[in-house]
Amino acid sequence: MLCSKKTIDLVFEEGIRVKCYPFIAMVLPVQFEDSTPFKIVFSAPKKRFRKANKRNRIKRICREAVRLNKSELENYLTQHKQQLAVFLVYTGQEEIEHAPLHKKTVKLFNNIIQTLDEQKH
RNA sequence: AAGGCAAAUCGGUCUAUCGCUGCUUUGACUUAUGUUAAAGGAGAGGAAAGUCCGGGCAGCAAAGAGCGCCGUACUUCCUAACAGGAAGGUCUCAACACGUUGAGAACAGAAAGUGCCACAGAAAAUAUACCGCCUGAAUGUUCGCAUGAAGGUAAGGGUGAAAUGGUGACCACAUUUAAAAAGUGGCUUGGUAGUGUUUGCACUACAGAGGGUAAGAGCUCACCGGACUUCUGGUGACAGAAGUUGCAAGGUAAACCUUACGGGCUGAAAGACCAUGUAAACUCCGAUCUAGGAAUUGCUCGUUCCUGUAUCUCAGAUCAUCGGAGAGGGUAGGUUGAUUGACACUGUUGGUGACAUCAGUGCUAGAGAAAUGAUAGACAUCACGCUUGCGUGAGCACAGAACCCGGCUUAUGAUUUGCCUUUUUU
RNA sequence: UGUCCCAUGGUGUAAUUGGCAACACGUCUGGUUUUGGUCCAGAAGAGUCUAGGUUCGAGCCCUAGUGGGACAA
């Protein structure tokens with residue numbers, strides 16, 4: 001979980017934007033004090049999801065999807081000794097089912113790994 | 001069967017695995033704070049919502065006064081308190097079995113004062129105005145009458161949401177009766193319809209009216225309603241009975257207002273403690289001062305503070321010196337406030353009831369950019385199908401705690417009960 | 001978390017102390033012009049965010065809701 005307001009601002013100013021419907025992720029390699037490979041913020045826009053319980057629901061589903069599929073990204077980061085701040089925005093119009101959401105999450109992480117590789121070279 | 005209204009109840013249960021947030025215990029690291037691992041146990045609602053009322057709790061100030069401002073408004077009770085609730089009263093509406101039931105009520109005051117009441121209407125509020133009706137001096141006269149000073153009258157005047165309380169009052173006859181009431185006939189009077197017509201009216205029929213007067217009017221009488229007084233019942237709102245009085249002054253307070261009662265202001269981002277640590281910044285205290293200025297809850301008084309041959313200026317506004325004490329800024333600092341409470345459940349007693357007393361049992365989220373999710377299975381429940389006890393599907397709606405309680409309002413699924421409407425079948 | 005404000009034709013705004021919902025731009029039709037614009041004449045377009053109430057009568061007053069906006073940090 002990413003809580004520092006400064007790093008969040010930094011992510012928005014200098015981060016790389018990675019799109020994969022229904023997500024948009026802002027990614028920035030940074031140095032944390034502890035040894036976690038990456039920290040993440042979940043966000044659901046108030047404009048699309050009026051009711052508080054709908055927003056909570058979206059964020060919880062996203063959290064679950066990330067928890068189940070994060071191993072690949074973690075392995076990559078520990079191998080390359082990088083640390084990452086991620087700001088994840090859910091831009092879909094409606095809540096979607098679990099199986100497609102998991103596929104999309106995997107695809108998003110692959111995209112992030114690709115962009116990081118391109119940055120290096 | 002569907003829909004609507006009102007009331008009541010519930011808002012799924014259990015097991016396993018992974019994951020998240022606190023708590024407890026144990027182990028490891030660490031001087032300590034703390035970090036980390038394992039185990040145990042806990043983890044959203046009936047509305048958590050709207051923020052519409054009320055209270056607890058906290059700070060501010062002489063925790064002063066008056067005015068203003070805001071709120072409430074039939075009575076009694078409940079309550080920590082309330083614009084909430086209970087029981088009752090009055091009024092209005094609806095239903096019928098006609099004195100009961102149900103629903104609703106911002107239900108104090110219009111005789112303290114001010115304002116407003118469009119259009120229409122004579123008039124919208126002091127009925128001193130207008131039309132009309134009646135009496136009619138006088139003048140003219142074709143003696144039919146016409147004009148009309150002055151006076152009387154408030155019955156009538158098409159309107160309007162609303163017009164100054166409403167309805168009524170003849171005679172004779174025979175029958176009956178305590179009185180009355182009903183029947184028949186007659187005279188007068190206007191109305192409606194038809195026929196005739198010289199368009200003025202006449203006749204016929206129908207259902208009405210007939211105190212008094214010049215015409216009228218509570219002028220007189222009867223009934224209903226109102227007002228006042230007394231008595232009785234009720235804690236009270238109020239109800240009932242008796243008597244007196246012709247009855248005087250519409251509506252609107254969800255217009256201002258008056259009366260009574262209540263409200264000091266600000267909200268947990270309130271506040272308390274700890275850590276951090278030194279600039280002529282800021283805060284507090286004391287001294288110097290009496291006309292102005294400043295501060296406070298919107299204004300006034302009061303209170304407190306400041307004090308000059310000063311500076312800027314249209315109005316008007318700003319500001320002191322000395323001594324003493326405290327500490328500031330950043331780091332999304334930390335701990336607390338903060339969940340044992342006007343608490344919940346069960347029972348007893350009192351009360352018509354809201355509710356209260358007593359006893360027993362229980363501890364039930366406490367986060368802080370903010371935790372509840374996923375998977376699998378069983379059961380309760382619902383729908384469909386028929387093989388009638390199996391299969392398939394659903395397992396839902398409204399909706400997420402942020403200091404805490406009591407209400408109200410709004411959103412919404414299911415079940416039960418009562419009433420109403422529509423359709424189908426018998 | 002708390003406080004306050006607003007909602008009227010397609011658009012922007014009016015509506016006095018409650019009494020026929022008005023104006024401008026835009027739209028449509030006709031005229032003028034070779035055509036278009038300008039100009040002239042005319043027409044349509046709302047029942048005032050929703051639901052109740054007070055009143056003889058609500059855009060206006062009261063209550064509840066819906067949507068939008070502003071402020072405090």
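Each chain gets a letter, A, B and so on, in the order the sequences are listed, and its residues count up from 1. Heavy atoms only: backbone and side chains are in, while hydrogens, waters and symmetry mates are out.
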Nearest-Å distance for atom pair CD/C1', residues A/E64 and B/G373: 6 Å
A/K54 NZ - B/A49 C1' separation (whole Å): 15 Å
Heavy-atom donor-acceptor pair, A/R60 side-chain to B/G400 base, under 3.5 Å: yes
Spacing of A/K70 atom NZ relative to B/A374 atom P, expressed in whole Å: 18 Å
Pairing partner of B/A279 (Watson-Crick or G-U wobble, both distances under 3.5 Å): none
Partner nucleotide, any strand, of B/G366 [Watson-Crick/G-U, under 3.5 Å]: none
Any strand: nucleotide that pairs with B/U297 via Watson-Crick or wobble, under 3.5 Å: none
Whole angstrom value for the distance that separates C1' of B/A370 from CG of A/N56: 10 Å
Watson-Crick or G-U wobble partner of C/G42, both distances under 3.5 Å: C/C28
N or O in side chain of A/R57 less than 4.0 angstrom from B/G373 OP1/OP2: no
Verdict with supporting geometry, A/F109 and A/V86, side-chain contact (heavy atoms from CB on, under 4.5 Å): CA-CA 11 Å; A/F109 285 157; A/V86 183; over 6 Å; no
A/K59 NZ to B/A369 C1', straight-line distance once rounded to whole Å: 9 Å
Complementary nucleotide for B/U90 - Watson-Crick or wobble, under 3.5 Å: B/A105
G-U wobble or Watson-Crick pairing nucleotide for B/U33 (cut-off 3.5 Å, both distances): none
N/O donor-acceptor pair, side chain A/R67 with base B/C18, under 3.5 angstrom: yes
Touch class at under 4.0 angstrom, heavy-atom based, for A/R55 against every strand present: nothing
Pair partner, B/U375 [Watson-Crick or wobble, under 3.5 Å]: B/A16
Between B/U372 (C1') and A/I61 (CD1): distance, integer Å: 13 Å
Closest approach of A/R17 to A/I24 (non-hydrogen atoms, all atoms of both residues): CG-CG2, 4.0 Å
B/A270 - base-pair partner by Watson-Crick or wobble geometry, distances under 3.5 Å: none
C/U34 glycosidic torsion: syn (within 90° of 0) vs anti: anti
